[in-house]
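Beneath this line is the structure, given in structure tokens, with notes to follow.
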Amino acid sequence: MNLRRSIQGSVVALALVLSGCSWFDPDGSSSSNQSPEPSPTPTEFEQANVDSASGDAASITATAEQTGPSFRSDNIGVSFEATDLADPRLDPAKSNLDEQLNALGSPALRFAGNALDRRTFWTSKGEAPKHGEKTTITPDDLKRLKKLVDATGSTVTLGVPLGTYDPERGADMAAHAVDILGDSLIGLGIGNEPNGYTVDDVPDGAVREDGWNEDKYVGQLEAYAKAIHAKRPEAPIIGPDVYDGAWMTAFLDSDVKNKTALAQHWYQLYDCDSSKVPGRGPQAPNLIVPLAKEAAKKNLGIGKSKADAAGVPLWLEETGPTSCPGTNDTSLTNASALWAADYTLYAATLGVERMAMHSMLGACNGGAPMSLICDPAELGDRSNAFQVRPNMLGLRLLVPSVGGHFTQTSVSGGGNMSAYTVVKNDGKTLVTTVINANDAASVGGNPVTLGMPSGFAVDSASQVYGASNDVKNATQVVPANPLPDDVPFSGDGASGASASASAGAGATSSSATPSGGMGDDGKLRIDLAGSSVTVFIMRKG
């Protein structure tokens, strides 16, 4: 049976998350839809859109020798606005949020964002908000969060409001968090992006007067930490939850005790007035150009070098594709799925030990466009069945890599293609993730030869893909399954495959494409769809 057409995974809703720096466009331009699960349930891996593979051939070599850091469960994570703590749907009995998060393994969870300092009020005594804050958080909300954390096996970091200066109130919140969340609480962040406290162009505006600087921040930070540690000496403090290196230095040089991690923020596309491609403007192609990795290496390197010097890990507590407002067109494209997978793996190779993509529990239509998940109900209403977006689909493919250590992986040719390999299970399992960012609308796919160490063979493969990089609301899933005996392959070397090849090399139609598959030389030959992320799990026989 040819499953090429039958394996159409869920067409997943896109609509992106509210970044800590960017705010949703309320014009309702984002949309959401899902297709049924494949029927019948597929039993073999087969791609849907590779009738031709005219892209450049690629040779990928995966090794089993550990050369890099580990890929941790916390490298996959979700950041929420602090106001979401008051949402009853955090309770696993009230929605499918826990199920959607479980699909990410045991993801890192973080609650803070711009709403922390501007719209969040904590009380354990039933008080009314003191300064017009719109959302009140109580111990009962933390107890509900504990149910979610227990259901997902996640670790959590929690922001303590600093927008209104009140160290004793902050210490009361921290003490309750330590007591309620227990070992799952691994960090308390005092304030969110304090370097932006005088900025007026965010909802609810500035929370400090002009003249606010690093020194004044450190004074208030230390007062909060002292009050917190007077109640709970073991409380772990992280910070400063900024992009700016000078503020990182200020946090690390402070007298705060129990500094557990350096918390950095960074968004890939931030030049909101730019339309240059390649560039840093909020255009979808800019997510997947090589320049994106250069920018990530440079900017995350600022935090990593400072964290290393201080002897603490680097946590990317808030990140996303763009910090620009109204970026629905970028966020809803298939490119965001490719970017999410590539960026997460790349950041981990640079030494980032924890990462959280910023999100919120908002509507798919008109809600924050960067969010990994969204509510399909109309704006202003609520449902209990959250849907996922393409960036979350990209992250889901990374779960098999959790617990592995990065190995040397080389990519030769292939155009805009990258690959990462981890080794697991005492060297018996390799997981290679291939991001093929060549546009499927232009090339269909690329002939790929995947070399692996002696004794290994591909056990299964899975994929997310789109008809192009720019297609919106149409990222699809090919679920994990074994490869069939024959797979399409348009490149040279088809005769090396164990399956017979009945057509000449270079043919591109489905009826004339030479057979690929696992060859006697220990290499997999396959036409790999463009605009896709594919995960190959290899096991040693």
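All figures in this text were calculated on a predicted structure; none of them were measured in a lab.
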(Q) Name the residue from I60, L450, L430, V448 that meets the side-chain contact (heavy atoms from CB on, under 4.5 Å) definition with F536. (A)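 So, applying the side-chain contact (heavy atoms from CB on, under 4.5 Å) to F536 and each of I60, L450, L430, V448, only L450 qualifies.
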
Q.
Is there a side-chain contact between K424 and V431 in this structure, where contact means two heavy atoms from C-beta onward sitting under 4.5 Å apart?
A.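 Answer yes - side chains close enough.
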
Q) Parallel, tilted or perpendicular for Y420 and F406, by the 30°/60° rule? A)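 Ring orientation of Y420 relative to F406: perpendicular.
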
Q: Compare every heavy atom of L397 with every heavy atom of S462, then report the nearest pair and how far apart it is.
A: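 It is OG-CD2, 3.4 Å.
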
Q: Please report the closest heavy-atom contact between L262 and P240, naming both atoms and the distance.
A: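 Closest pair (atom of L262, atom of P240, distance): CD1-CD, 3.6 Å.
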
Q: Please check if the side chain of S532 supplies one atom and the backbone of Y465 the other of a donor-acceptor pair under 3.5 Å.
A: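 Answer holds: no.
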
Donor-acceptor pair between [X] and [Y] side chains, under 3.5 angstrom:
{"X": "N446", "Y": "D56", "value": "no"}
{"X": "D98", "Y": "T152", "value": "no"}
{"X": "S531", "Y": "N334", "value": "no"}

(Q) My understanding is that only residues two or more places apart in sequence, or in another chain, count here; which of them pass side-chain contact (heavy atoms from CB on, under 4.5 Å) with A467? (A)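 Counting only residues at least two positions away or on another chain, A467 forms no side-chain contact (heavy atoms from CB on, under 4.5 Å).
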
Among residues at least two apart in sequence or on other chains, which ones pass salt bridge (Lys or Arg N to Asp or Glu O under 4.0 Å) with [X]?
{"X": "D459", "value": "R539"}
{"X": "D271", "value": "none"}
{"X": "K540", "value": "none"}

Q: State which residues pass ring-ring contact (aromatic ring centres under 6.0 Å, His included) with F251; sequence neighbours excluded, sorted by chain then number.
A: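 For F251 there are no ring-ring contact (aromatic ring centres under 6.0 Å, His included) partners, ignoring immediate neighbours.
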
Q) Among T534, T407, T421, T409, which residue meets the side-chain hydrogen bond (donor to acceptor under 3.5 Å, both in side chains) test with T432? A)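 Option passing the side-chain hydrogen bond (donor to acceptor under 3.5 Å, both in side chains) with T432: T421.
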
Q) Which pairs pass salt bridge (charged side-chain N to carboxylate O under 4.0 Å, His left out) with one or both residues in residues 335-356, sequence neighbours excluded? A)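 Every salt bridge (charged side-chain N to carboxylate O under 4.0 Å, His left out) pair that includes a residue of residues 335-356, provided the two are not neighbours, is R72-E353, D74-R354, K293-D342, E317-R354.
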
